[in-house]
Amino acid sequence: MGRHGWNTRESGEAGAAAVHEDSAGRARLAVLALLGSILVPLVAAGLRSVLWALVGIAGLALAAVGVWWTLAHTGVVRALGVALSVTAPTAALALYATFGMLGPALLSLCLWLLAVTAARTALTPGHTASEQVVVEAPRAPWVLMNPRSGGGKVGRFDLVEKARAAGCRVALLDAGQDVAELTRQAATEGADLLAVAGGDGTQALVAEVAALHDLPFVVIPAGTRNHFALDLGLDRDDPAAALEALTHGVELRIDLGYAADRVFVNNASFGTYASVVTDPAYRDAKARTTLRTLPGLLTGEDAPRLRTRADRTYVDGLQALLVSNNPYGRAVDAAHPGRRERLDSGLLGVVCVQVDNTAQAARMVRGPRGPRPGGLIRLSAGEVVVEADTDALPVGIDGEHVVLPSPVVCRSAPGALRVRVPRRRPGTPRAGGTAADWPRVARLALGRLVPGREQHVTAV
């Protein structure tokens, strides 16, 4: 074998060794941090640390009950709920501080978060979506801009002028215009790239046409929250930076989600939230409208009761259900709370809410569980079927209200969308895998496991 062949193999082996050593280092850090999170309270309080742990859990459980009373009831019960949700954790913290346990408790919590984050990244050294460097700039790029999105970001950031300077044909969206029809017309007239500056709902409509015509798609984060742009790693504080994708970009193949025949780039919500957004007052007074309508939706006679089948898993009696284009991270994930670490897994994320009483509300402090009654349920699936005892279901698709015939079949379209993004993106997340598998982490820390050599199944 020639010298070049040996050099290539040696380089590959060296790279693999470096990756393994990095993963093993993270595993050792995870084990040490986990041991530290246990030893700190033991050193500070001995066996009484178990009682202090129970005090913290009780405070969280009572706070969850208070939140439930606040959302599900009105009048005196709601007032008691507000008081309980504030006083319970405050009292627990006061007890910790009085007996000198606040510092050890906070240190133990920080070590535990470090341990979980390191454990998850140790077993998955990072997912990098398949990227293809863009060689040629588009000849006829077209961008749709909603001047009302994000409180007028299109005007504040001079996006029209900057897009035209980059060679784009700009179409400004007027109230009442059909986004999908405008985009289809642009594709028919020869646009070789479709872009959008607007909210997630508008982006989904343009993305559907781009996928249908196999055209590259560019997101300019000019909406209010820009969740899709966040998970693509784009700079939401500088929308114009997304235009660099036209000349200095890379192309990603990502999934799209479908609820019946409607595309979503983020999620489709059913049940409580979807019913709240149907209220005309929601747009101008979100918090007040939510508090006014939630009691009837959670405990009233008209409270929605949903059933779902996620692949072969069945769950019923749900008040709310969120189906996402790729699973979201856990809200308590220290690395990337509430974000999607990847957009090309070919799976839908499913988060179910099933809370009928205070006991189930208190149980929610344990976090998401499998398909068992009460609390939060997290699943992932290729297909999700949602139905109720009604002929139609209100659905919030990327924040936009629609009504779809029941049952609603949600599915993933893997790799359906070509997204073009700048090469340098400040917010690209490092994947952290799924739930920490501590036996495997321990074996990796002791040098008895090479990541990726064995297949495994972890809890959702």
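Numbers here are sequence positions counted from 1. No experiment lies behind these values; they were computed from the predicted model shown.
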Judged by atom type as modelled, is there a donor-acceptor pair below 3.5 Å linking the side chain of Arg424 to the main-chain atoms of His248? no

Please identify each residue that fulfils side chain to side chain donor-acceptor pair (under 3.5 Å) with Asp398, with sequence neighbours left out. none

How many angstroms lie between CG in Leu379 and CZ in Arg312, if you round to the nearest 0.5 Å? 15.0 Å

Pairwise side-chain contact, Val385 with Tyr314, heavy-atom cut-off 4.5 Å (strictly under): no

Just jot down the side-chain contact (heavy atoms from CB on, under 4.5 Å) partners of Ala268, sequence neighbours excluded, or say none. Ala259, Phe264, Phe270, Val395, Ile397

Check whether Arg378 reaches the backbone of Val351 with its side chain - one donor and one acceptor, N or O, closer than 3.5 Å. no

Does any N or O in the side chain of Ser108 come within less than 3.5 Å of the main-chain N or O of Ser37, such that one atom is a donor and the other an acceptor? yes

Please report the shortest heavy-atom distance between Ala416 and Ala211, naming the atom on each side. O-CB, 3.4 Å

With the side chain counted from C-beta on, respond yes when Val263 and Leu205 share a heavy-atom pair under 4.5 Å apart, and no when they do not. no

Can you name the nearest heavy-atom pair linking His401 to Pro394, along with the distance? CE1-CB, 3.8 Å

Does the side chain of Val218 reach to within under 4.5 Å of the side chain of Val143, using non-hydrogen atoms? no

Kindly write out the residues that satisfy side chain to side chain donor-acceptor pair (under 3.5 Å) with Asn326, not counting sequence neighbours, or none if the list is empty. Asp255, Ser345

I need the minimum non-hydrogen distance between Arg78 and Thr70, along with the two atoms involved. NE-O, 2.8 Å

About how many Å separate CG of Leu243 and CG of Leu159, when rounded to the nearest 0.5 Å? 7.0 Å

Judged by atom type as modelled, is there a donor-acceptor pair below 3.5 Å linking the side chain of Glu244 to the main-chain atoms of Gly249? no

Going by the rule side-chain contact (heavy atoms from CB on, under 4.5 Å), which residues pair with Ala166 if we only count those two or more places apart in sequence or in a different chain? Leu246

side-chain contact (heavy atoms from CB on, under 4.5 Å) partners for Arg28, two or more places apart: Glu21, Ala24, Ala445

Rounded to the nearest 0.5 Å, how far apart are CG of Leu321 and OG of Ser269? 9.0 Å

Drop me the distance from Phe217's CZ to Thr183's OG1, to the nearest 0.5 angstrom. 9.0 Å

Please round to the nearest 0.5 Å and tell me the distance separating atom CH2 of Trp142 and atom SG of Cys168. 11.0 Å

Non-neighbouring partners of Ser85 that pass side chain to side chain donor-acceptor pair (under 3.5 Å), sequence neighbours left out: none

Check whether Arg253 reaches the backbone of Gly415 with its side chain - one donor and one acceptor, N or O, closer than 3.5 Å. yes

Donor-acceptor contacts under 3.5 Å from residues 170-182 side chains, at least two apart:
from: Gln177; atom 1: OE1; to: Asp174; atom 2: N; distance (Å): 2.6
from: Asp178; atom 1: OD1; to: Ala180; atom 2: N; distance (Å): 3.0
from: Asp178; atom 1: OD1; to: Glu181; atom 2: N; distance (Å): 3.1
from: Glu181; atom 1: OE1; to: Arg184; atom 2: NH2; distance (Å): 3.1

Check Pro422 against Leu234 and note the closest heavy-atom contact, atom names and distance. CD-CD2, 3.6 Å

State which residues pass side chain to side chain donor-acceptor pair (under 3.5 Å) with Asp261; sequence neighbours excluded, sorted by chain then number. none

Hey, is Glu383 close enough to Arg411 for a salt bridge, meaning N to O under 4.0 Å? no

Are the side chains of Asn267 and Asn325 in contact, using a 4.5 Å heavy-atom criterion? no

Residue pairs meeting salt bridge (Lys or Arg N to Asp or Glu O under 4.0 Å), one or both in residues 185-211, sequence neighbours left out, come to Arg169-Glu189

Just to verify, which of Leu306, Val350, Ile377 counts as forming a side-chain contact (heavy atoms from CB on, under 4.5 Å) with Val315? Ile377

N/O donor-acceptor pair under 3.5 Å between Arg236 side chain and Leu230 backbone: no

So do Pro138 and Arg420 actually touch side chain to side chain, heavy atoms under 4.5 Å? yes

By salt bridge (Lys or Arg N to Asp or Glu O under 4.0 Å), which residues pair with Glu387, not counting sequence neighbours? Arg307

Between Arg423 and Val250, is there a donor-acceptor pair closer than 3.5 Å when you use the side chain of the first and the backbone of the second? no

Step by step, would you call Thr308 with Val386 a side chain to side chain contact (heavy atoms under 4.5 Å, CB included)? CA-CA 5 Å; Thr308 186; Val386 185; 4.1 Å; yes

To the nearest 0.5 Å, atom CG of Leu252 lies from atom CZ of Arg342 at 12.5 Å

Would you check if the side chain of Arg305 reaches a backbone N or O of Asp316 as a donor-acceptor pair within less than 3.5 Å? no

Do Leu232 and Arg425 touch side chain to side chain, with heavy atoms closer than 4.5 Å? no

Once side-chain contact (heavy atoms from CB on, under 4.5 Å) is applied, do any residues pair with Ala30, and if so which ones, sequence neighbours excluded? Ala118, Ala119, Trp438, Val441

